[in-house]
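These notes concern the structure reproduced below.
When reading the values below, keep in mind they use all heavy atoms of this one structure, side chains included, and skip hydrogens, waters and symmetry mates.
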Amino acid sequence: MPLIVGSQRLDVTLSALQIMQLHPHLQEGATALTSQPTQTFGPKGVLYVQQRELAAITPNDKFISILGSDDATTCHILVLRHTGSGATCLAHCDGSDTQNEVAAVLRAVKSLTNNTDEGRLELHIVGGFSDSKQYSQKLSSELLKLNDKEEHGIHYPIIYGIAVNVKTAQIFKATFQDRGPDEDLRSAYILTGGMMVSIYDSKTEQLSFGPYSWTPFPNIDFWLEQEDELILEYFSTSPQAEPPHFVSHFRTTLGFLKANPRPLRSLFPDNKPHVYTMDGDGLWKRVFSVKM
């Protein structure tokens, strides 16, 4: 599927810089977004997407108004929206399997747009910066960056997270009060090598996680005893640019993995997913009878 900028087909072999030079209005849009103040969302009415997750939704959803993700340094957050149906998919990509992840995003939006004859697909890509290991540049070229700032000789992303209002299609520079539900489970799945998963069923309006399986994480006790700097060095793609809670969150995830080395026994004994629906107050509540 070709990418069109204005009325011109985009040459995706070009670098991000070359693309911006050929299409300056893209730079103007990026500057407008990075210049926004960061807004804090949630937890009410928010569907939060973690790394290697995607969620697709329509404007007709009874509960959700905001779809979002953050903690992206070298990662990229994709938002794909169909202008006819309003179906919107947000994915948090880290370069682990970009081709299949993009295909999954396209399928998710198309599945919610089957009965719509008019409209086009609009793509927004946010994330990456001039990191010292060049992870961002590689992922940018795979997906398609004006998200870089320098302080005291160290590069940081300007935007760590975004939110999209699925009713109005507005996009915001964002952070989130809550990254759940089941934040530890979802983070453990990522840390143990899980691939991109779709977490929301727009028909039943339910979140679903698992059942997940992983092998015991090697040397957990060793890593739990290490200094913050060593954890950043070995487990971050951008050690100097991570948000302040990166290490504490990583330690919490390790503790969860230590407590659950065999998740099919401890977390999914019935081999069924953890399912959540949003209650009348706009908060996620676990349900134990899955709609069919």
Would you call [X] and [Y] a side-chain contact if the rule is heavy atoms closer than 4.5 Å?
{"X": "Leu106", "Y": "Leu80", "value": "yes"}
{"X": "Phe268", "Y": "Leu185", "value": "yes"}
{"X": "Met196", "Y": "Asp97", "value": "no"}
{"X": "Thr58", "Y": "Ser85", "value": "no"}
{"X": "Lys173", "Y": "Val126", "value": "no"}
{"X": "Glu242", "Y": "Ser238", "value": "yes"}
{"X": "Asp178", "Y": "Val46", "value": "no"}
{"X": "Met195", "Y": "Asn100", "value": "no"}

Verify whether one side chain among [X] and [Y] offers a donor that lies under 3.5 Å from an acceptor in the other.
{"X": "Glu122", "Y": "Thr83", "answer": "no"}
{"X": "Thr113", "Y": "His82", "answer": "no"}
{"X": "Asn260", "Y": "Tyr212", "answer": "no"}
{"X": "Ser96", "Y": "Glu101", "answer": "yes"}

Discussion item. Can you tell me which residue among Arg179, Gln51, Gln50 is in a side chain to side chain donor-acceptor pair (under 3.5 Å) with Ser187?
Written reply: Gln50
So how far is it from [X] [atom1] to [Y] [atom2], rounded to the nearest 0.5 Å?
{"X": "Gln240", "Y": "Ile154", "atom1": "CD", "atom2": "CD1", "answer": "4.0 Å"}
{"X": "Ile162", "Y": "His124", "atom1": "CD1", "atom2": "NE2", "answer": "8.5 Å"}
{"X": "Asp70", "Y": "Ile159", "atom1": "CG", "atom2": "CD1", "answer": "12.0 Å"}
{"X": "Lys167", "Y": "Ile64", "atom1": "NZ", "atom2": "CD1", "answer": "8.5 Å"}
{"X": "Leu67", "Y": "Cys89", "atom1": "CG", "atom2": "SG", "answer": "7.5 Å"}

Is it the case that one hydrophobic cluster holds both [X] and [Y], taking links as side-chain heavy atoms less than 4.5 Å apart, direct or via other members?
{"X": "Leu254", "Y": "Leu267", "value": "yes"}
{"X": "Leu47", "Y": "Phe209", "value": "yes"}
{"X": "Tyr200", "Y": "Ile190", "value": "no"}
{"X": "Leu207", "Y": "Leu112", "value": "no"}
{"X": "Phe176", "Y": "Leu283", "value": "no"}

Does this structure show an ion pair linking [X] with [Y], if we count only N-O contacts that are shorter than 4.0 Å?
{"X": "Arg52", "Y": "Asp94", "result": "yes"}
{"X": "Asp182", "Y": "Arg286", "result": "no"}
{"X": "Asp221", "Y": "Lys258", "result": "yes"}

Donor-acceptor contact below 3.5 Å, side chain [X] vs main chain [Y]:
{"X": "Gln226", "Y": "Phe222", "answer": "yes"}
{"X": "His155", "Y": "Gly153", "answer": "no"}
{"X": "Ser111", "Y": "Ala108", "answer": "yes"}
{"X": "Gln177", "Y": "Gly42", "answer": "yes"}

Discussion item. Applying side-chain contact (heavy atoms from CB on, under 4.5 Å) to Asn165 and Ile66, what does each step give before you reach the verdict?
Written reply: CA-CA 5 Å; Asn165 186 315; Ile66 296 293; 4.1 Å; yes
Worksheet item: According to the salt bridge (Lys or Arg N to Asp or Glu O under 4.0 Å) rule, which pairs have a member within residues 191-207, sequence neighbours left out?
Response: Lys62-Glu205
Fill in: Stepwise side-chain contact (heavy atoms from CB on, under 4.5 Å) check, Val49 with Ile77
CA-CA 10 Å; Val49 177; Ile77 301 170; over 6 Å; no
Worksheet item: Has Gln99 got more than 12 heavy atoms of other residues, nucleotides or ligands less than 6.0 Å from its CD?
Response: no
Discussion item. Once you measure the plane-to-plane angle for Phe217 and Phe235, does it fall in the parallel (<30°), tilted (30-60°) or perpendicular (>60°) bin?
Written reply: tilted
Practice prompt. Look at the rings of His249 and His245 and say which category their plane angle falls in: under 30° parallel, 30 to 60° tilted, over 60° perpendicular.
Written response: perpendicular
Worksheet entry | Ser208: side chain to side chain contact (heavy atoms under 4.5 Å, CB included) partners, not counting sequence neighbours | Pro273, Val275
Fill in: is_close_aromatic(Trp223, Tyr234), centroid dist under 6.0 Å
yes
Worksheet item: Can you check whether Phe41 and Phe172 have ring centres sitting under 6.0 Å from each other?
Response: yes
Discussion item. Evaluate Thr73 against Phe246 for side-chain contact (heavy atoms from CB on, under 4.5 Å), listing each step before the verdict.
Written reply: CA-CA 11 Å; Thr73 54; Phe246 177 88; over 6 Å; no
Discussion item. Give me the atom names and distance for the closest heavy-atom approach of Met278 to Gly45.
Written reply: SD-CA, 3.8 Å
